[in-house]
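Everything on this sheet refers to the single structure shown next.
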Amino acid sequence: MKHLICYLDFVSPYAWLAFARMPEVLQGLSYHAEYRPVLLGALLQQNANPGPAGIPAKRAWTYRHVSWLGHAHGVPLQMPARHPFKPLPLLRLALAHGQDGAVNRFVAETVFRHVWEGGQDALESGRLDALRHGLAGQLNSQADEETVKQWLRSNTQQAAQAGVFGVPAWEVDGHVFWGLDGLPMLRAYLQGDAWFERQWEACAGVESGLG
């Protein structure tokens with residue numbers, strides 16, 4: 001059984017789409033998934049990447065694209081009232097309902113749906129209170145505020161060290177797969193496709209033509 005580390009940030013619509021699609025795309029395969037929230041903004045900053053929302057025309061395209069992808073794949077997705085937003089409250093809330101920096105699929109899905117269904121403000125205080133109430137049964141009473149902050153820092157550092165530059169991303173056997181459209185490639189790897197032995201390192205070894 002393969003062990004997958006799934007890195008996600010609830011601010012990313014592609015992370016939500018991939019999270020929702022993952023069980024179907026990987027159906028029939030033997031794997032265990034570990035979900036780890038990370039701070040996408042920190043990963044982007046480390047790579048001097050403004051992200052889609054940092055380029056006005058790309059921001060408009062991204063919102064249209066993810067809305068269409070949700071429609072095409074049958075995944076509920078309505079843009080929240082404000083986006084992008086600072087996801088720290090949601091990341092920390094999720095981690096407070098997890099163990100050692102990981103959250104289970106129920107917690108991750110509940111927070112994702114809070115953001116991406118209904119088109120409301122993800123950080124509105126009343127909605128956050130309702131989210132906490134809905135997750136109350138998962139609360140880790142030993143995870144104090146500082147512990148939760150450290151888990152988030154550690155997850156983000158771990159992701160960066162693994163070569164993760166954005167979300168969604170999956171790490172397995174030292175290989176990193178990125179993005180919603182990386183899911184079929186991940187499936188092929190888990191099935192033992194021989195391409196990975198021949199081409200994985202070869203493709204990354206192409207010399208840059210920029211001085």
Side-chain angles (χ1 to χ4, degrees), residues 1-44 46-55 58 61-77 87 101-105 108-109 111-112 115-116 155-210:
M1 179 181 292
K2 291 292 188 181
H3 180 72
L4 307 181
I5 302 178
C6 310
Y7 295 105
L8 51 86
D9 187 333
F10 304 108
V11 76
S12 168
Y14 292 107
W16 162 231
L17 289 165
F19 178 89
R21 293 278 298 141
M22 182 177 158
E24 181 179 351
V25 176
L26 301 186
Q27 186 174 7
L29 302 180
S30 179
Y31 67 93
H32 173 262
E34 175 184 322
Y35 300 97
R36 290 195 170 268
V38 298
L39 185 59
L40 174 60
L43 295 174
L44 295 177
Q46 286 184 14
N47 291 284
N49 183 349
I55 303 171
K58 190 172 184 179
W61 164 254
T62 297
Y63 294 169
R64 291 170 180 143
H65 187 222
V66 298
S67 295
W68 181 84
L69 286 171
H71 163 73
H73 290 296
V75 177
L77 190 154
V103 301
N104 63 33
R105 189 167 176 90
E109 181 171 356
V111 180
F112 268 128
V115 176
W116 295 105
N155 284 354
T156 305
Q157 291 167 2
Q158 175 183 320
Q161 290 168 1
V164 173
F165 51 86
V167 296
W170 300 266
E171 180 188 359
V172 54
D173 297 338
H175 297 63
V176 173
F177 298 83
W178 173 70
L180 172 64
D181 53 2
L183 272 172
M185 190 178 182
L186 173 60
R187 179 180 176 87
Y189 177 78
L190 296 176
Q191 289 178 310
D193 192 318
W195 178 92
F196 292 90
E197 294 183 12
R198 301 190 306 267
Q199 294 295 326
W200 181 267
E201 295 297 339
C203 290
V206 174
E207 184 178 349
S208 173
L210 302 177

Gap separating the NE2 atom of H3 from the OH atom of Y31, nearest 0.5 angstrom: 13.0 Å
Note, L77 side chain near L69 side chain (heavy atom, < 4.5 Å): no
Minimum-distance pair of heavy atoms, taken over all atoms of A15 and V167: CB-CG2, 4.4 Å
CZ on F196 to CD on E201, rounded to 0.5 Å: 12.0 Å
W116 side, atom CH2; S67 side, atom OG - distance, nearest 0.5 Å: 8.0 Å
Heavy-atom side-chain contact between W16 and F10 under 4.5 Å: no
Shortest non-hydrogen separation from V103 to A108 and the atoms involved: CG2-CB, 4.1 Å
Interatomic spacing from CZ in F165 to OH in Y7 - rounded to 0.5 Å: 13.5 Å
Side chain to side chain, V11 and V115, heavy atoms closer than 4.5 Å: no
Pairwise side-chain contact, P168 with M22, heavy-atom cut-off 4.5 Å (strictly under): no
Geometric class of the Y14/H65 ring pair [parallel <30°, tilted 30-60°, perpendicular >60°]: tilted
Nearest-0.5 Å distance, CD of residue Q191 to CG of residue L26: 9.0 Å
Validation row: P37, L8 side chains within 4.5 angstrom (heavy atoms): yes
Flag side-chain contact, heavy atom, 4.5 Å: E197 against W200: no
Six-ring centre of F19, R105 cation under 6.0 angstrom, axis tolerance 45°: yes
Non-hydrogen atoms of Y63 and A53 that approach each other most closely: OH-CB, 4.4 Å
W195 backbone acceptor or donor facing D193 side chain under 3.5 Å: yes
Side chain to side chain contact (heavy atoms under 4.5 Å, CB included) assessment of L39 paired with L43: CA-CA 7 Å; L39 185 59; L43 295 174; over 6 Å; no
L190 side chain near L4 side chain, heavy-atom distance below 4.5 Å: yes
Heavy-atom closest contact (L40 atom, S12 atom, distance): CD2-CB, 4.5 Å
Closest heavy-atom pair and its distance - A159, V38: CB-CG1, 4.1 Å
Exercise: identify the closest heavy-atom pair between D173 and H175: O-ND1, 2.9 Å
Pairwise side-chain contact, E171 with V164, heavy-atom cut-off 4.5 Å (strictly under): no
Reported CE-to-CG distance for the pair M185 and L183, which is rounded to 0.5 angstrom: 12.0 Å
Expected output: side-chain R36 to main-chain N155 donor-acceptor under 3.5 Å: no
